[in-house]
Chemist: 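Below you'll find the structure I mean.
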Amino acid sequence: MQSSLVRRVCPSLLAAGIALAAAACAQDPVAPRADEVLTALPRSLTTEERAIIAGTNRFAFGLLRDVTAQVTADRNVFVSPLSVSVALGMAMNGTAGETQAQLRATLGFGARSLEDANAAYRSLIDLLRTVDRGVDFRVANSVWQSGYPIRPEFLARVGQSFDAEARTLDFRSAGAPDAINAWVKDKTNGKIRTI
């Protein structure tokens with residue numbers, strides 16, 4: 001049931017998360033000095049952060065298994081489990097009941113509350129942005145509304161926990177792909193021009 005849920009969840013949301021993470025991490029081409037080599041985290045991880053990481057790791061291996069099963073041997077595959085986890089974590093904020101329970105199970109969160117999961121995502125994003133001065137780590141998330149109103153409490157949660165921007169766009173318009181691609185190009189410093 002979990003892998004079928006992953007296949008059904010908004011493919012464009014997943015593609016955008018994967019694409020943005022792929023472009024957002026860029027290693028400085030100059031090798032770090034010995035005193036700049038990262039040997040430990042700047043702080044200990046919280047219990048909730050460790051749980052999110054463990055769940056994301058389990059999710060990542062399952063996702064990679066599902067993705068590679070659908071790709072021929074002559075193709076390369078790059079997947080950012082963190083980006084997919086963040087995209088699904090954002091989506092989880094707009095759910096309740098069985099759908100939320102399935103997302104929670106898929107992401108490996110168990111019985112953790114939505115608030116605890118959001119707080120762990122928030123603190124991990126903050127940590128990843130500052131953990132290594134030699135890495136340019138950026139997070140760009142957005143929620144695109146087309147025709148249906150988005151509840152303000154959802155926008156507040158994903159804005160607070162994931163730094164997500166809210167955008168309005170008519171997906172039926174001919175210019176919709178160009179508008180989304182322009183946003184992606186801007187957020188990735190031109191490293192990704194289209195998704």
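All values below were derived from every heavy atom in this structure, side-chain atoms included, with hydrogens, water molecules and symmetry-related copies excluded.
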Chemist: Within a strict 4.5 Å, meaning less than it, do heavy atoms of the L114 and Q100 side chains meet?
Modeler: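 The answer is yes, as the side chains (C-beta and beyond) meet within the 4.5 Å cut-off.
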Chemist: Is there side-chain contact between L124 and L45, with at least one heavy-atom pair below 4.5 Å?
Modeler: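 With C-beta onward as the side chain, the pair touches.
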Chemist: Going by salt bridge (Lys or Arg N to Asp or Glu O under 4.0 Å), name the residues that satisfy it together with D116, two or more places apart in sequence or in a different chain.
Modeler: none
Chemist: Would you kindly confirm whether V139 and L41 end up in one hydrophobic cluster when ILVMFWY residues are joined by side chain heavy atoms under 4.5 Å apart?
Modeler: yes
Chemist: Which heavy atom of L169 sits nearest to which heavy atom of A176, and what is that distance?
Modeler: CD2-O, 3.8 Å
Chemist: Which pairs count as salt bridge (charged side-chain N to carboxylate O under 4.0 Å, His left out) when at least one residue sits in residues 177-186, sequence neighbours excluded?
Modeler: none
Chemist: Provide the closest heavy-atom pair for L127 versus P42 in the form atom of the first, atom of the second, distance.
Modeler: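 Closest approach of L127 to P42: CD1-CG, 3.8 Å.
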Chemist: For I192, does its backbone N or O pair with a side-chain atom of T188 as donor and acceptor, under 3.5 Å?
Modeler: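 Yes, the answer is positive, given that a donor and an acceptor are paired below the 3.5 Å cut-off.
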Chemist: How far apart are the C-alpha atoms of W144 and S142, what are their side-chain angles, what is the distance that settles it, and do they pass the side-chain hydrogen bond (donor to acceptor under 3.5 Å, both in side chains) test?
Modeler: CA-CA 6 Å; W144 296 74; S142 59; 2.6 Å; yes
Chemist: Sequence neighbours left out, what pairs pass side-chain hydrogen bond (donor to acceptor under 3.5 Å, both in side chains) with at least one residue falling in residues 51-65?
Modeler: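 Every side-chain hydrogen bond (donor to acceptor under 3.5 Å, both in side chains) pair that includes a residue of residues 51-65, provided the two are not neighbours, is T56-S85.
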Chemist: N181: which residues meet the side-chain hydrogen bond (donor to acceptor under 3.5 Å, both in side chains) condition with it, sequence neighbours left out?
Modeler: none
Chemist: Among side-chain atoms of E49 and S123, is any donor-acceptor pair under 3.5 angstrom?
Modeler: yes
Chemist: Could you tell me whether F171 atom CZ has more than 12 heavy atoms of other residues or ligands within 6.0 Å of it?
Modeler: yes
Chemist: Compare all side-chain heavy atoms of L128 with those of V135 and state whether any distance is below 4.5 angstrom.
Modeler: no
Chemist: Is any side-chain heavy atom of M90 less than 4.5 Å from a side-chain heavy atom of V143?
Modeler: yes
Chemist: With sequence neighbours excluded, what pairs up with T130 under the side-chain contact (heavy atoms from CB on, under 4.5 Å) test?
Modeler: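 Testing T130 for side-chain contact (heavy atoms from CB on, under 4.5 Å), a comparison that skips the adjacent residues, returns none.
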Chemist: Can you check whether Q102's main-chain N or O pairs, donor with acceptor, with T106's side chain at less than 3.5 Å?
Modeler: yes
Chemist: Looking at R104 and E98, is any side-chain nitrogen of the basic one under 4.0 Å from a carboxylate oxygen of the acidic one?
Modeler: no
Chemist: With sequence neighbours excluded, tell me which residues meet salt bridge (Lys or Arg N to Asp or Glu O under 4.0 Å) with R112.
Modeler: E48
Chemist: Not counting sequence neighbours, which residues clear side-chain contact (heavy atoms from CB on, under 4.5 Å) with N189? List them please.
Modeler: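 Expected list: R138.
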Chemist: Holding to side-chain hydrogen bond (donor to acceptor under 3.5 Å, both in side chains), I want the full list of residues that pass it with R122, two or more places apart in sequence or in another chain.
Modeler: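 So R122 forms a side-chain hydrogen bond (donor to acceptor under 3.5 Å, both in side chains) with D126, D163.
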Chemist: What residues form a ring-ring contact (aromatic ring centres under 6.0 Å, His included) with F109, not counting sequence neighbours?
Modeler: Y121
Chemist: Tell me, please, which residues at least two apart from T72 pass side-chain contact (heavy atoms from CB on, under 4.5 Å).
Modeler: D74, R75
Chemist: Let me have the donor-acceptor pairs involving side chains of residues 148-159, under 3.5 Å, with sequence neighbours excluded, atom names and distances please.
Modeler:
unit_1	atom_1	unit_2	atom_2	d
R157	NE	N93	OD1	3.1
R157	NH2	N93	O	2.4

Chemist: State which residues pass side-chain contact (heavy atoms from CB on, under 4.5 Å) with T47; sequence neighbours excluded, sorted by chain then number.
Modeler: none
Chemist: With the side chain counted from C-beta on, respond yes when F137 and V131 share a heavy-atom pair under 4.5 Å apart, and no when they do not.
Modeler: no
Chemist: Does CZ in R193 sit with more than 12 non-hydrogen atoms of other residues, nucleotides or ligands closer than 6.0 Å?
Modeler: no
